[in-house]
Amino acid sequence: DVQLVESGGGSVQTGGSLRLSCEASGSMYSNYCMAWFRQAPGKEREGLAVISPSGASTYYSDSVKGRFTISRDNARDTLYLEMNSLMPEDTAIYYCATKPTHFDPRQPLVAQTYQYWGRGTQVTVS
């Protein structure tokens, strides 16, 4: 099994920045892609960004493209999400997720296709 633990959430003012981390442990393999999702109260879980196992390929949702950057350090088994120009509508619980495949470029951020999830970290923008 794979365990994922997010950190780095908190409260920030509009226009501010945060960097989220997701540490992975367990049976990680070199062919795992990793992604960030978020869920705001009363809303469905939203896919934000995904990165290929090697880190060479990324995909972003339109809602965060140009503001958020996903990256990974495979030597540390850690996933990152750099978030800039934060807005109140970015307030949500942020989750990392992974699955033992490359992401499907036709449907890269379908939550149901991801096998392992962290417990989330709260981000509040006011």
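The side-chain hydrogen bond (donor to acceptor under 3.5 Å, both in side chains) contacts involving residues 10-20 comprise Ser17-Asn84, where partners must be two or more places apart or lie in separate chains. The side-chain hydrogen bond (donor to acceptor under 3.5 Å, both in side chains) analysis of residues 100-111, with sequence neighbours excluded, yields the pairs Asp104-Arg106. Applying the disulfide bond (SG atoms under 2.5 Å apart) definition to pairs two or more places apart or across chains, none involves residues 97-126. Sorted by first and then second residue, the salt bridge (charged side-chain N to carboxylate O under 4.0 Å, His left out) pairs involving residues 33-49 (not counting sequence neighbours) are Arg38-Glu46, Arg38-Asp90.
One distance of note links OG of Ser54 with CG of Asn74; it measures 8.0 Å at 0.5 Å rounding. We find the OG-CG distance between Ser71 and Leu79 to be 7.0 Å, quoted to the nearest 0.5 Å. Note that CZ of Arg72 and OG1 of Thr58 are 12.0 Å apart. Values are rounded to the nearest 0.5 Å. The line from NZ of Lys99 to OH of Tyr32 is 12.5 Å long, rounded to the nearest 0.5 Å. With rounding to the nearest 0.5 Å, the separation of CZ in Arg67 from OG in Ser85 is 7.0 Å.
Here Ser61 pairs with Ser63 under the side-chain hydrogen bond (donor to acceptor under 3.5 Å, both in side chains) rule; sequence neighbours left out. Scored by the salt bridge (charged side-chain N to carboxylate O under 4.0 Å, His left out) test, Arg76 finds Asp73 as partners (sequence neighbours excluded). Every residue two or more places apart in sequence or in another chain that forms a side-chain contact (heavy atoms from CB on, under 4.5 Å) with Val12 is listed here: Leu18, Leu86, Val125. Partners of Ser7 under the side-chain hydrogen bond (donor to acceptor under 3.5 Å, both in side chains) rule, at least two apart in sequence or in another chain, do not exist in this structure. Residues that satisfy the side-chain hydrogen bond (donor to acceptor under 3.5 Å, both in side chains) test with Glu23, not counting sequence neighbours, are absent from this structure. For Gln115, there are no side-chain hydrogen bond (donor to acceptor under 3.5 Å, both in side chains) partners, not counting sequence neighbours. Here Cys22 pairs with Cys96 under the disulfide (SG to SG under 2.5 Å) rule; sequence neighbours left out.
Under the 3.5 Å distance criterion, the side-chain polar atoms of Gln39 are left unmatched by any main-chain donor or acceptor of Tyr94. Looking at Ser52, its side chain does come within 3.5 Å of a backbone N or O of Ser57 through a donor-acceptor pair. With hydrogens and angles ignored, the 3.5 Å screen pairs a side-chain donor or acceptor of Trp36 with a backbone N or O of Tyr80.
For Cys33 against Thr98, the heavy-atom pair with the smallest separation is O-OG1, 2.7 Å. Nearest heavy atom pair, residue Leu20 against residue Met83, reads CG-CE, 3.8 Å. Annotation for Tyr60 and Thr69: closest pair OH-CA, 3.3 Å, computed over non-hydrogen atoms. Among all heavy-atom pairs drawn from Met34 and Ala24, the shortest one is CE-CB, 4.4 Å.
The other members of the hydrophobic cluster of Ile93, by chain and number, are Phe37, Val50, Tyr59, Tyr95, Phe103, Leu109, Tyr114, Trp117 (side-chain heavy atoms under 4.5 Å, ILVMFWY only).
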